[in-house]
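Input: a single structure, listed below in structure tokens.
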Amino acid sequence: MISIMKNILITGGAGFIGSHVVRLFVSKYPNYRIINLDALTYAGNLENLRDIEHQSNYEFVKGDITNATFVNELFGKYQLDGVIHLAAESHVDRSIESPMDFIMTNVIGTVNLLNAARTSWDQGEEGKRFYHISTDEVYGSLDDGGFFLETTSYDPQSPYSASKASSDHLVRAYHNTYKLPVVISNCSNNYGPNQFPEKLLPLCINNIRHSRPLPIYGKGENVRDWLYVEDHATAIDVIYHKGKLGDTYNIGGFNEWQNIDIVRLLCEVMDQKLGRPLGESAKLITFVKDRAGHDLRYAIDASKLSNELGWKPSLQFEEGLDRTVDWYLANNSWMEHVTSGAYKNYYDQQYSER
Ligand code: NAD
Ligand code: TYD
């Protein structure tokens, strides 16, 4: 029998990235009890974790991090050794429509977790760790070249990135002021299985499959640095265990693409896999009204993480994209479940006016 030695809370574990982190930790560390706290918003889906939900070192708790009483009770109940905090409102377009949801979860929710950790770890923080997962979007837009470093000044441009920047500042403030043992990482755009089809790649995969228009904002010239989600999870594993307390690590894929180019490549890959004539899916590309305040370019310099902690992405982009498309084609019922009901209203509202 395996003895449970550490209790680790993972917030947002039913979401896209969180589910991959939960799976990695549950499988790799049988001596950790992984408590997955998730409110199961539209983005949270327990189907993402069906394969590991019966593991004896895994437990799911449904709850909302904006509820301070609930968060405090949870910390009291579990005697947590560590927190990996991913729960967030994560989509820029939704933040433009409803900024307050982002303030509540990303800012207030994070402070609730920080307060609970501070109180519960007051008796000694030896071996404890509060790991806050953030985004490269806090640095703003790279309009004049260069890369984001850990020392780049924050310059968030959307309500989403401003709420994440705010939470990052608060996490650092709790380290400086109260000596809370924290570590932060800021990652570039993720792609891979289980991503909700409001984000560019799964939205286009779903639309190509149904021969629906592929909405490209503006001229499609915006640049993002793409990382396969399982590589983000391995980076989180390395940083959680080896990252220096109080430090920040940038995580990226060394893999920049203009939106129009990545969508054209996706169209080619899907034409092949769906047995369509080459060029068929690209005819669906439709340029639509640009996103308000659309950041032009994000690009991460992840050399600190690679030099100090030895992490590198494992997959070439073409292989990652191939795996991603295969997963969506093999898991059509997943897509059907998440696109039924409320998704249709979101989609109609988001794209009808463009
Ligand atoms: P996601 O939207 O897929 O998942 C978020 C999860 O958080 C969902 O399961 C949701 O139910 C849960 N959640 C939301 N509000 C909650 C609340 N109030 N209480 C408890 N749970 C709540 O997001 P994701 O893409 O997996 O992103 C996870 C984290 O990684 C976020 O913090 C995000 O800022 C960060 N990040 C994402 C990317 C990316 O490309 N997706 C890149 C860098 C960083
Ligand atoms: P997204 O996946 O929303 O991630 P983020 O805004 O966090 O980078 O968008 C990725 C890029 O694709 C971004 O430049 C906006 C663009 N985009 C479109 O052109 N069309 C779409 O329908 C969506 C959702 C995004």
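Indexing begins at 1, ligand by ligand and atom by atom, following the structure's order.
Applying the salt bridge (charged side-chain N to carboxylate O under 4.0 Å, His left out) rule to Lys62 yields no partners; only residues at least two apart in sequence or on another chain are considered.
Relative to atom 3 (O) of ligand 1, the option among Phe196, Phe102, Phe16 with the closest non-hydrogen atom is Phe16. For atom 11 (O) of ligand 1, the choice among Asp38, Asn36, Val229, Asn112 with the nearest heavy atom turns out to be Asp38. When the heavy atoms of Leu86, Ile236, Asp64 are ranked by distance to atom 28 (C) of ligand 1, first place goes to Leu86.
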Does Asp237 form a side-chain hydrogen bond (donor to acceptor under 3.5 Å, both in side chains) with Tyr29? I'd like the steps, not just the answer. CA-CA 10 Å; Asp237 180 16; Tyr29 300 108; 2.6 Å; yes

Output, in order, the C-alpha distance, side-chain angles, deciding distance and verdict of side-chain hydrogen bond (donor to acceptor under 3.5 Å, both in side chains) for Thr110 and His132. CA-CA 9 Å; Thr110 301; His132 177 62; 4.7 Å; no

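Using a 4.0 angstrom heavy-atom cutoff, Gly109 does not count as in contact with ligand 1. Not a single heavy atom of Thr11 sits under 4.0 Å from any atom of ligand 1. Using a non-hydrogen distance threshold of 4.0 Å, Gly13 does not register as a contact of ligand 1. Assignment of Ser134 to the shell around ligand 1 is supported, since a heavy atom sits closer than 4.0 Å. Proximity of Tyr191 to ligand 1 is not established, as no heavy-atom distance is less than 4.0 Å.
For residues 90-102, every residue pair satisfying the side-chain hydrogen bond (donor to acceptor under 3.5 Å, both in side chains) rule, not counting sequence neighbours, is listed here: Tyr42-Arg94, Ser90-Lys199, His91-Asp93, His91-Tyr346, Asp93-Tyr217, Asp93-Arg291, Arg94-Glu198.
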Distance dump, ligand 2 polar atoms to protein, N/O, under 3.5 Å:
| residue | atom | partner | partner atom | Å |
| --- | --- | --- | --- | --- |
| ligand 2 | 2 (O) | Leu200 | N | 2.9 |
| ligand 2 | 3 (O) | Arg291 | NH2 | 3.0 |
| ligand 2 | 4 (O) | Asn189 | ND2 | 3.3 |
| ligand 2 | 6 (O) | Arg291 | NH1 | 2.5 |
| ligand 2 | 6 (O) | Arg291 | NH2 | 3.3 |
| ligand 2 | 7 (O) | Glu137 | OE2 | 2.5 |
| ligand 2 | 8 (O) | Asn189 | ND2 | 2.9 |
| ligand 2 | 8 (O) | Arg224 | NE | 2.7 |
| ligand 2 | 12 (O) | Asn259 | ND2 | 3.4 |
| ligand 2 | 14 (O) | Arg224 | NH2 | 3.2 |
| ligand 2 | 14 (O) | Asn259 | ND2 | 2.9 |
| ligand 2 | 14 (O) | His294 | NE2 | 2.7 |
| ligand 2 | 19 (O) | Tyr217 | N | 2.8 |
| ligand 2 | 20 (N) | Pro215 | O | 2.8 |
| ligand 2 | 22 (O) | Pro215 | O | 3.4 |
| ligand 2 | 22 (O) | Tyr351 | OH | 2.6 |

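The proximity of Asn186 to ligand 1, defined as any non-hydrogen pair under 4.0 Å, does not occur for either the backbone or the side chain.
Panel note: side chain His175, backbone Val171; no donor-acceptor pair is recorded below 3.5 Å.
Grouping Ile, Leu, Val, Met, Phe, Trp and Tyr by side-chain contacts under 4.5 Å, direct or through others, puts Val138 with Tyr139, Leu142, Phe148, Tyr154, Tyr298, Ile300.
For Lys219 and Phe287, the positive end is not near the middle of the six-membered ring at less than 6.0 Å and at most 45° from its axis.
Atoms of ligand 1 found under 4.0 Å from any heavy atom of Asn189, numbered from 1 in the order shown, are 40 (O).
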